[in-house]
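In what follows, a single structure is set out as structure tokens and then discussed.
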Amino acid sequence: PPPVHESAPEIELQRKLDQPFDLALQKVELSEAFKQIAVTAHISLQVDPSCYDALPYGATTLLSADFRQSKLKDAIETILVSLSLQQTISGSTVIIRPTDPLARIGRRADGDELKLLQDLRTSSDLKLGPNGSFEWTTALRTALDNHPKLIVALAGDTGPLHDKAIEQLKKQFPISAFRALEFYCRLTNQIWFVEASATTGANPGDGTIRIMPERLWLKLQLERPIQLSFTNAPLEQVVAELAHVSGIRF
């Protein structure tokens with residue numbers, strides 16, 4: 001292929017993301033915060049509407065931050081980690097989307113669930129137990145010391161495929177809790193998401209990490225009641241709204 005010219009839009013975007021960035025935000029609504037970042041940094045920033053559908057207060061989520069000589073991409077990442085969102089580059093545009101575990105909650109997450117997802121992304125690296133042993137709940141509780149009663153619920157196969165995945169996972173150490181869950185689920189063809197204590201019936205501040213085959217998650221989502229109202233609406237609009245309220249990609 002021909003060489004990429006230095007002035008290509010994606011190259012220019014990468015340069016801007018590596019530049020120092022200054023911006024103070026004081027209780028600014030999230031949708032406005034993203035607009036201010038884009039204008040201040042002179043970049044194209046696109047927010048997937050499903051981000052707002054997944055957050056407790058949607059686009060009106062209040063944000064406070066003070067960035068001084070931070071790399072632009074690091075400043076954006078700081079905001080996204082606290083909300084369990086992620087950034088990707090598409091051409092000359094930064095696209096903001098929910099992380100998969102947030103989207104799979106299939107409704108608006110509550111504050112405890114966001115906090116648990118944030119703690120998983122910023123946790124200490126997982127450690128092996130005595131004699132190289134490894135057990136999910138113990139390892140995650142140790143890495144997330146502010147979740148002493150954390151539950152790890154495995155709903156899928158815990159046989160040979162599970163054992164093989166665990167052995168492969170141990171070869172990846174050191175690894176964060178979030179990356180470990182992603183790696184394990186990729187090897188076992190499963191998905192994971194979180195539920196807060198209010199949902200699981202546990203004590204406040206606990207929570208559950210659910211790991212299950214995607215077909216089981218789809219079955220649970222399809223059985224969940226929802227309420228929508230449309231009159232003479234295009235089918236595409238109805239399906240898009242179903243995707244937003246369920247977390248299912250149609």
Worksheet item: Do you see a donor-acceptor pair shorter than 3.5 Å between the side chains of Arg97 and Ser50?
Response: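 No, Ser50 and Arg97 have no side-chain donor paired with an acceptor closer than 3.5 Å.
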
Discussion item. What I want to check is whether the side chains of Glu214 and Gln190 have a donor and an acceptor closer together than 3.5 Å.
Written reply: no

Worksheet item: Does some side-chain heavy atom of Lys71 sit less than 4.5 Å from a side-chain heavy atom of Gln19?
Response: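 Not in contact.
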
Worksheet item: Please walk me through it: do Leu120 and Leu140 pass side-chain contact (heavy atoms from CB on, under 4.5 Å)?
Response: CA-CA 8 Å; Leu120 286 166; Leu140 289 168; 4.3 Å; yes

Salt bridge flag under 4.0 Å for residues [X] and [Y]:
X: Arg179; Y: Glu182; answer: no
X: Arg121; Y: Glu77; answer: yes
X: Asp125; Y: Lys127; answer: no

Has [X] got a side-chain atom pairing as donor or acceptor with [Y]'s backbone, closer than 3.5 angstrom?
X: Ser64; Y: Lys27; result: yes
X: Gln86; Y: Pro98; result: yes
X: Ser133; Y: Pro130; result: yes
X: Glu223; Y: Leu220; result: no
X: Glu135; Y: Thr138; result: yes

Discussion item. Just verifying a value: how many Å separate Thr99 OG1 and Arg104 CZ, rounded to the nearest 0.5 Å?
Written reply: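 Interatomic distance, Thr99 OG1 to Arg104 CZ, rounded to 0.5 Å: 9.0 Å.
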
Worksheet item: For the ring pair Trp136 and Tyr184, is the centre-to-centre distance below 6.0 Å?
Response: yes

Practice prompt. Validate the cation-pi geometry between Arg210 and Phe193: distance from NZ or CZ to the six-membered ring centre under 6.0 Å, angle to the ring axis within 45°.
Written response: no

